[in-house]
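A short write-up of the structure that comes next.
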Amino acid sequence: MKLRGRKIVGGKAEGELVVSRKALSFLGGVDPETGIVTDAESDIRGQSIAGKILAFPRGKGSTVGSYVIYALKKNGKAPKAIIVGEAETIVATGAIIAGIPMVDGIDVSRLRSGERVKVDADSGEVEVEE
Amino acid sequence: MYLTKEEELILAGEYGYALQKAMEILVALGEIYGAERLIPIKSAQIAGVSYKNIGDAGMEFLRDFADAGAKVSVYTTLNPAGIGDDEFMEKQREVLELYRRMGIEITSTCTPYYGANLPKFGDHIAWSESSAVSFANSILGARTNREGGPSSLAAAIVGKTPNYGLHLDENRKATVVVNVDAEVETFVDYAALGYHLGRTLGNDVPYIRGLKPERTEFLKEMGAAMAASGSIALYHVEGETPEYRAAIAEELETITVEDSDIRAVRGEFRDDWTDIDMILIGCPHASLGEVKEIAELLRMRGRPLRIPLFITASGAVKALADALGYTEIIERYNGRIIADVCFVVSPIKGWYSGIATNSGKSAFYFRSFGFHVRLDDAENLIREAP
């Protein structure tokens, strides 16, 4: 299955999906030291996003969340790529300063945790392996 | 989005890492929000200053950015800093030093317009403190979106911002009419009205009828509360604010505010004096007029306060208050003016448990942090305080 979205930050990555059905806050929602989701309201609480392809509908919460994404990268715990339904400033800015490939405009309800995907952020394409 | 030749070169990294990252942020935001191009800005005001808010993650980013030679290209000031224990203050000083290295004025205030960062009508700017954004858009008629810390820093470095949102005429039109059919007379009435409207309207652009604010500070306070309980970045007040004449383009939905709405907000923050251990004035930071008023109220009271009173203000206002003798009077009655800081962004839990204030914005935040809160006009607070 191929899904087409829009480039926010260019680059390519492949790996295992972690999919959240809910909006995600990075400030206070993800531990920058470990990459583990701590947001009490999150449906992927307790899971690690380190080295995964992270998909969620949209970001929420404080704009300081951008810096948490940067810290994840510096600590080697960042996701390899970010896929969102709708980009907003917090996550987009975080992905830019951290240099993480990011695509928006993807219907994330069609993605499942555990699936393997290839992300070509330059062309905005997400390919789910069968 | 259309980019000039030079903007393309910056984006390609020809001018170094810092400018490239800053340009990437601006271009991405422009694409997300459908901007056609970048426009030059006159000034920037940057959030993400308190160590309590940005933490080690933010510091790491700022350090890497400063080390890469990032420099602002327009006049830029900062949001207020935090105050805390020694360990906190050391980190806080480090954050300020990183901003200083980027060429930013270390004026840490939510009221930069009481100093040298005073835009004029029609200026495009990139500001991020929500109450300052509201003041600049609504009262001054300058144009800014509600920027986040990193995006206002990026705009300051490039000297431009993507042309979308409140930079465009069509988005500055009112989206709802508010008829105020209530007595809104004092500072805290305005704060309560703002708090009520923010909660009711979310991110609308209200056109407000029926207000006759005695002082500009009343509108400043209303806007700050509106931007805290909702995300209102621009409002128009009939007969008062500079863009009201052109603000209504079509038939709009109308809501009415009654006395009971104002009383309801005021009634939410009525904790007893026995639970209050400090008084806070100056959220947003106090004007010289507000400082003068407090000095006069203290003199009328005639005896020192048993609990401390803090007035937060910009360094510029504090310097004027010092020169004019207000500071001395305030200190005589157990008050202090503290410059360039904000209690809302400070780790003061444990220092105080209850706060009396005339600010709707800080009442709202301190309640959410678990403090006891008493909201009333300065006149009543200083008369009634133990």
Side-chain angles (χ1 to χ4, degrees), chain A residues 5-11 25-35 38 57-78 82-106 121-124, chain B residues 1 11-13 17-18 20-35 46-65 68 70 79 95 98 126 128-130 133 145-155 157 161-162 164-165 231 345:
Chain A
R6 177 173 71 155
K7 167 187 129 175
I8 299 294
V9 183
S25 167
F26 281 84
L27 182 71
V30 181
D31 181 347
E33 306 284 329
T34 62
T38 54
R58 59 177 287 126
K60 64 168 185 177
S62 164
T63 59
V64 180
S66 306
Y67 295 133
V68 174
I69 298 175
Y70 186 78
L72 283 165
K73 181 72 173 192
K74 296 280 282 189
N75 295 332
K77 302 294 179 189
I82 293 173
I83 301 169
V84 293
E86 188 188 346
E88 39 56 69
T89 60
I90 305 164
V91 176
T93 304
I96 291 163
I97 61 183
I100 300 170
M102 174 171 168
V103 175
D104 89 334
I106 300 286
D122 297 312
S123 64
Chain B
M1 186 164 72
L11 191 60
Y17 170 85
Q20 182 185 21
K21 283 288 154 188
M23 185 58 96
E24 279 182 25
I25 292 172
L26 300 183
V27 170
L29 295 181
E31 298 284 355
I32 291 170
Y33 295 111
I46 295 176
V49 177
S50 168
Y51 174 69
K52 181 187 173 210
N53 288 357
I54 67 168
D56 292 324
M59 266 176 81
E60 213 166 323
F61 169 73
L62 293 174
R63 191 177 301 113
D64 291 348
F65 225 42
N79 234 17
V95 173
L98 290 168
S128 41
E129 207 290 313
S130 69
V133 164
N145 288 316
R146 279 165 69 99
E147 300 280 354
S151 69
S152 56
L153 180 60
I157 288 166
T161 194
Y164 71 91
S231 47
V345 298

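First the proteins, then the strands, lettered A, B, ... as listed; each starts at 1. Not measured: the values here are computed from a predicted model.
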Hey, which of B/A57, B/A22, B/A47 has the most heavy atom pairs under 4.5 Å with chain A? B/A57

What part of A/A87 lies closer than 4.5 angstrom to a heavy atom of chain B: side chain, backbone, both or neither? both

Okay, A/S66 and chain B: the region with an atom under 4.5 Å from a heavy atom over there is side chain

Mind ranking B/G148, B/P150, B/G149 by heavy-atom pairs under 4.5 Å with chain A and telling me who comes out on top? B/P150

Please classify the contact of B/Y33 with chain A as side chain, backbone, both or neither, using a heavy-atom distance under 4.5 Å. side chain

Which pair of non-hydrogen atoms, one from A/I96 and one from B/A28, has the smallest distance, and what is that distance? CD1-CB, 3.3 Å

Could you check whether the rings of A/Y67 and B/F61 sit parallel, tilted or perpendicular, using 30° and 60° as the cut-offs? tilted

Of all the heavy-atom pairs spanning A/K74 and B/D64, show the shortest one and how long it is. NZ-OD2, 2.7 Å

Sole residue of B/I32, B/I25, B/L29, B/N145 in side-chain contact (heavy atoms from CB on, under 4.5 Å) with A/T89: B/L29

Just verifying a value: how many Å separate B/E31 CD and A/D104 CG, rounded to the nearest 0.5 Å? 10.5 Å

Selection from A/M102, A/E88, A/R6, A/K7 maximising heavy-atom pairs under 4.5 Å formed with chain B: A/R6

Top of A/T93, A/I97, A/V68, A/I8 for chain B proximity - count of heavy-atom pairs under 4.5 angstrom: A/I97

